[in-house]
Amino acid sequence: MKKKLFTLLAIISCGFSFGQADNTFPYPNNGNVGIGTGVNQNNVNFNFQVHGITDYIIRHQQAPNSPVQLRSTERSTQNGLNVGKTARIGITNTDTGATSNDGAVFRMSKLNFYISNLERKSLFIASGAVGLVFNGENKRIWMGSQSYYTPSTSTNFASTNITTTQDNGLYIRTRSNLADKYGISVHVDKDSQNAIQVVSTNGNDVNFTVKPTGEVYARKYVTTLNPFPDYVFEDDYQLLSFDELRNYINLNKHLPNVPSAKIVETNGADLGEMNRILVEKVEELTLYILQLEARLKKIEEQK
């Protein structure tokens, strides 16, 4: 009997020693608990610390639920993807099940940190009424006010969505002073697609589009023409004579104050400025017509 009792105590002692080899639990002396940190309490630097000491292999059957993409520091094995030394914390409940493919996971693999909902439903990160929602079922991300978030596959929404209540939607501020940097860059696969589109308040009508080819569609275009060319009709406006106009055209091959074809080809045309110039030329043309009408009237009177 004594021999059996001694054997049992030896087994318990070995088990306790093995459990203490990698963990400070269950007897932390400073309130910090470590798993995988060893028995030295100085290795534990947080109230609760999980320290990965073994490689973690994502099995092939786990791949559909895993957000991992193969990195240069990771390697594929016969059994799956080895993501290196890893610490994992799993959270499950009676609805999710309790296997390694269930619930949610906090994982630190090498220098990469992951938060994953293996159920492919929603992952919420929120503070008050504002939040960030990843919906694995619909493969969509929602940012902003949680009150507007509704999982949906509607084409009115996109893979990334921003919703607000009384605030503005999106503000982008770049601070680079380099000429080749940009605020927004849009790259689509086909020229027939809209790189940018603006829809009506009911979401049914597309009222503004920009194609990757540079084509722009809009229902209405408003620009400022400053100054508006009514100055042409002022008494002090210097309207060229017919001879002056003819000589200018022969020499420059374009109208006065109108950019040349070479300049437009190189720099493009400012639509607002071009409209101002066109109105100026129309008003000048009106004055020339009135001059011709006065000459014609004199000729008719002399007959």
Side-chain angles (χ1 to χ4, degrees), residues 158 162 164 167-303:
I162 298 176
T164 66
D167 209 343
N168 299 316
L170 177 65
Y171 171 78
I172 297 176
R173 172 71 167 89
T174 61
R175 296 189 178 278
S176 173
N177 58 4
L178 301 178
D180 60 343
K181 303 304 177 182
Y182 48 79
I184 297 177
S185 178
V186 180
H187 184 183
V188 296
D189 287 337
K190 298 180 179 179
D191 288 344
S192 59
Q193 295 174 321
N194 292 334
I196 298 175
Q197 71 176 33
V198 178
V199 300
S200 59
T201 53
N202 61 16
N204 296 327
D205 301 317
V206 179
N207 293 327
F208 177 84
T209 64
V210 178
K211 298 287 186 183
T213 55
E215 300 173 47
V216 178
Y217 165 82
R219 293 185 180 276
K220 185 177 181 180
Y221 176 77
V222 178
T223 183
T224 56
L225 304 180
N226 187 25
F228 197 78
D230 282 351
Y231 52 77
V232 172
F233 297 134
E234 297 294 335
D235 293 338
D236 58 353
Y237 183 73
Q238 300 296 317
L239 183 67
L240 296 180
S241 66
F242 285 103
D243 289 337
E244 290 172 331
L245 179 61
R246 184 181 298 106
N247 292 334
Y248 185 94
I249 294 173
N250 289 335
L251 178 64
N252 299 283
K253 307 303 180 185
H254 62 85
L255 290 173
N257 297 335
V258 176
S260 67
K262 185 176 181 180
I263 291 178
V264 173
E265 181 179 348
T266 303
N267 302 324
D270 182 331
L271 294 181
E273 177 63 11
M274 285 302 299
N275 281 330
R276 186 194 68 78
I277 292 172
L278 288 175
V279 173
E280 177 185 279
K281 297 308 154 186
V282 169
E283 294 189 355
E284 288 181 348
L285 181 60
T286 301
L287 293 179
Y288 286 126
I289 291 175
L290 291 176
Q291 288 183 9
L292 291 175
E293 190 271 342
R295 292 184 181 183
L296 180 60
K297 186 175 181 180
K298 286 183 178 180
I299 293 174
E300 291 177 345
E301 289 175 351
Q302 293 175 357
K303 290 184 179 179

Which atom pairs, donor and acceptor, lie under 3.5 Å between side-chain atoms of residues 243-258 and protein residues at least two apart or in another chain?
residue: Asp243; atom: OD1; partner: Arg246; partner atom: NH1; Å: 2.9
residue: Glu244; atom: OE1; partner: Ser241; partner atom: N; Å: 2.9
residue: Glu244; atom: OE1; partner: Ser241; partner atom: OG; Å: 3.4
residue: Asn247; atom: ND2; partner: Asp243; partner atom: O; Å: 3.2
residue: Asn250; atom: ND2; partner: Arg246; partner atom: O; Å: 3.2
residue: Asn252; atom: ND2; partner: Tyr248; partner atom: O; Å: 3.0
residue: Lys253; atom: NZ; partner: Asn250; partner atom: O; Å: 3.2
residue: His254; atom: ND1; partner: Val258; partner atom: O; Å: 2.9
residue: Asn257; atom: ND2; partner: Glu280; partner atom: OE2; Å: 3.2

Return each pair, listed once, that meets side chain to side chain donor-acceptor pair (under 3.5 Å) where at least one residue sits in residues 287-302; pairs must be two or more places apart or across chains.
none
Given side-chain contact (heavy atoms from CB on, under 4.5 Å), test Ile184 with Ile172 step by step and report yes or no.
CA-CA 8 Å; Ile184 297 177; Ile172 297 176; 3.3 Å; yes
How long is the gap from CG on Leu287 to CG on Leu239, to the nearest 0.5 Å?
5.5 Å
In short, Phe228 meets Val279 closest at the heavy-atom pair CZ-CG1, 4.0 Å
Can you tell me which residue pairs pass the side chain to side chain donor-acceptor pair (under 3.5 Å) test with a partner in residues 263-275, sequence neighbours excluded?
Glu273-Arg276
Determine the minimum heavy-atom distance between Ile277 and Pro259, stating which atoms define it.
CD1-CD, 3.9 Å
Could you tell me if the side chain of Thr223 sits less than 4.5 Å from the side chain of Leu271, heavy atoms only?
no
Does atom CG (Asn202) have a neighbourhood of more than 12 heavy atoms from anything else shown, all under 6.0 Å?
yes
Val264 and Ala269 have their tightest heavy-atom pair at CG1-CB, 4.1 Å
Partner set under side-chain contact (heavy atoms from CB on, under 4.5 Å) for Asp236, not counting sequence neighbours
Glu234
Could you give all pairs that pass the side chain to side chain donor-acceptor pair (under 3.5 Å) test and reach residues 173-191, with sequence neighbours left out?
none
Donor-acceptor pairs under 3.5 angstrom involving side-chain atoms of residues 207-220: please list them, not counting sequence neighbours.
residue: Asn207; atom: OD1; partner: Arg219; partner atom: NE; Å: 2.4
residue: Lys211; atom: NZ; partner: Ser192; partner atom: O; Å: 2.7
residue: Lys211; atom: NZ; partner: Asn194; partner atom: OD1; Å: 2.9
residue: Thr213; atom: OG1; partner: Glu215; partner atom: OE2; Å: 3.0

Calculate, to the nearest 0.5 Å, the distance between atoms CG and CG belonging to Leu285 and Leu292 respectively.
9.0 Å
Lys281 versus Pro229: any side-chain heavy-atom pair under 4.5 Å?
no
